[in-house]
Amino acid sequence: MSGNYYSIDIWGLLIALVMVGVAAGISEAMRMGIGKTLLWSACRALLQLCAMGFIMEFVIKSNNPWLVLLLVMFMLIAAVQITLSRAKGVPRGLAGPVFLSLVITMLIMISLVTELIIRPQPWYAPQLVVPLTGMLLGNTVSALAVGLSRFFESMKERRDEVDTLLALGATAWEAARPSIVSSIRLGLLPTTASLASSGIVTVPGMMAGQIIAGGNPIDAAKYQFLVLAAIAALTLLADSLIMVMAYRKCFTADDQYNPIAD
C-alpha cells in the first residue's frame, strides 16, 4: 500500500488467474465447451493489459504529443479490426468506412471532452487522453459490431419488403431506413442501460478505479458521468455515420437490392 493506494503484487494476479482456472474447470466438468476459451482469454487479457500498462507508462513519462497521437492511431486501427471481426454477416469493404467513422467521431468527442470540459495542461495530457480514448473506443466498438450485424441481418429479413418499397418508388435510403433505425437502437441498448443503472445498481469502472486509487468520490462520480455521457453521444454518432456510409452496400448503382448482402 502507498498512501491510500492498494497495489496488487504478482501473487494477487496468480490468484486471479486461479479463480478463472477454477471456473474453466467447472465448465469442462459440465461439458460446456468454453473452459479452454475462458482460460485462454484470461491469459491473453492479462498479457495485453500489462503490455498496455508498460506502453502507457512510457508515453506518460515521455510526455510527447507525437507518441500520444501514435498510440491513439494504433488503438483506432485495432478498433477497426476488432469491430469487423465481431460483426457477423457483413460484406467486405467496410474497413475504410468504419475507420473513417471512428476517426471523425472520436476526434469530435475527445476534443469536446478534453478541450472544453476538462481543459488539461498540456492539451495532449497522455494520462487523460489515452485512457479516455480506450474507454470510448471499447464501448463504441461493441456498439458498431452489434449495429452492423443487425443492419445486414435485418436487410436480409426484409428483402421482399425492400424490393416492394423500391418498386413503389422509394429511394434506397427510404427502403433501408427501418433497418438502420433498429440497428442503431440495438447498439445503444447497453449504453442506455449503463446510464440508467449507474450509481444505484453499479459503481462503474472509472469511478471505482479512482476511488480505489485514493481519489475523491465526488470527483470520481463527475468523471464517471462525463465518460458515460461521452460514450452515449459517441455511440450514437458513430453508429449513425457508419450506417450512412454502409447502407449502400445493400444496393446496386441503380438503387436495386444487392443480393451480395445475402
Side-chain angles (χ1 to χ4, degrees), residues 44-45 48-49 51-52 55-56 59 64-115 123-124 126 128-156 172-173 176-177 179-191 227-253 258 260-261:
R44 179 178 172 179
Q48 291 177 168
L49 287 170
M52 178 58 78
I55 293 171
M56 288 179 63
V59 172
N64 186 318
W66 294 109
L67 286 178
V68 175
L69 294 175
L70 182 64
L71 182 54
V72 168
M73 185 58 62
F74 172 78
M75 294 167 71
L76 284 167
I77 294 172
V80 174
Q81 190 275 327
I82 294 172
T83 299
L84 296 178
S85 67
R86 290 183 181 179
K88 305 300 180 184
V90 302
R92 295 182 179 181
L94 286 178
V98 170
F99 179 75
L100 186 60
S101 67
L102 286 176
V103 168
I104 292 174
T105 54
M106 280 296 300
L107 181 62
I108 293 173
M109 200 54 57
I110 285 293
S111 298
L112 289 174
V113 170
T114 58
E115 304 312 314
W123 61 267
Y124 58 85
L128 175 70
V129 172
V130 176
L132 278 176
T133 300
M135 284 185 285
L136 294 177
L137 274 180
N139 288 271
T140 307
V141 160
S142 299
L144 283 181
V146 170
L148 285 170
S149 299
R150 177 53 191 160
F151 172 71
F152 288 103
E153 178 186 1
S154 175
M155 289 297 291
K156 293 175 184 178
W173 171 259
R177 189 176 182 279
S179 297
I180 292 172
V181 172
S182 67
S183 65
I184 293 175
R185 284 177 177 172
L186 185 62
L188 275 172
L189 280 179
T191 302
V227 169
L228 290 174
I231 288 172
L234 178 61
T235 300
L236 181 58
L237 286 174
D239 257 344
S240 301
L241 185 56
I242 189 60
M243 291 306 162
V244 168
M245 292 189 286
Y247 85 96
R248 291 294 317 179
K249 289 284 184 180
C250 293
F251 300 91
T252 61
N258 186 2
I260 196 173

CE of Met106 to CG of Leu237, rounded to nearest 0.5 Å, is 12.0 Å
To the nearest 0.5 Å, atom CG of Leu71 lies from atom CG of Asn64 at 12.0 Å
When every non-hydrogen atom of Val141 is compared with those of Arg86, the smallest separation belongs to CG1-NH1, 4.0 Å
What one should report as the nearest heavy-atom pair of Ala230 and Val113 is CB-CG2, 3.9 Å
| query | Can you find a heavy atom in the side chain of Val98 that is under 4.5 Å from one in the side chain of Leu148? | reply | yes
* Asked: Okay, side chain of Lys88, backbone of Val146: is any donor-acceptor separation there less than 3.5 Å?
  -> no
Closest non-hydrogen atoms of Asp239 and Ala143, given as atom of the first, atom of the second and distance, are OD1-O, 3.6 Å
The single option from Leu241, Thr140, Val244 that satisfies side-chain contact (heavy atoms from CB on, under 4.5 Å) with Ser101 is Leu241
For Ala246 and Phe152, the nearest pair of non-hydrogen atoms, with its separation, is O-CZ, 4.1 Å
Pro126 and Val68 have their tightest heavy-atom pair at CB-CG2, 3.6 Å
Task: Minimum side-chain heavy-atom gap Thr114-Trp123 below 4.5 Å - done: no
One should read off an interatomic distance between Lys156 NZ and Ser179 OG, to the nearest 0.5 angstrom, of 12.0 Å
Do Cys250 and Phe151 come within less than 4.5 Å of each other through their side chains, counting heavy atoms only?
yes
The reported gap from CD1 in Ile82 to CG in Leu84 (rounded to nearest 0.5 angstrom) is 10.5 Å
CD1 of Ile77 to CD of Gln81, rounded to nearest 0.5 Å, is 11.5 Å
Margin query: Any heavy-atom pair between the side chains of Met56 and Pro131 that's under 4.5 Å?
Written below: yes
Rounded to the nearest 0.5 angstrom, the CG-CE distance for Leu136 and Met109 is 7.5 Å
*Below 4.5 Å, heavy atoms only, C-beta onward: do Leu70 and Val59 meet side chain to side chain?*
no
Contact between Leu189 and Leu186 at the side-chain level, heavy atoms closer than 4.5 Å - yes or no? yes
On a heavy-atom basis, the closest approach of Arg150 and Ser183 is CG-CA, 3.8 Å
| message | If you apply the rule side-chain contact (heavy atoms from CB on, under 4.5 Å), what do you find for Gln48 with Met52, and how did you get there? | response | CA-CA 6 Å; Gln48 291 177 168; Met52 178 58 78; over 6 Å; no
- request: With the side chain counted from C-beta on, respond yes when Phe251 and Met155 share a heavy-atom pair under 4.5 Å apart, and no when they do not.
  value: yes
Quiz item: Do the side chain of Thr235 and the main chain of Ile231 share a donor and acceptor less than 3.5 angstrom apart?
Solution: yes
| Worked check of side-chain contact (heavy atoms from CB on, under 4.5 Å) between Leu100 and Ile242 | CA-CA 8 Å; Leu100 186 60; Ile242 189 60; over 6 Å; no
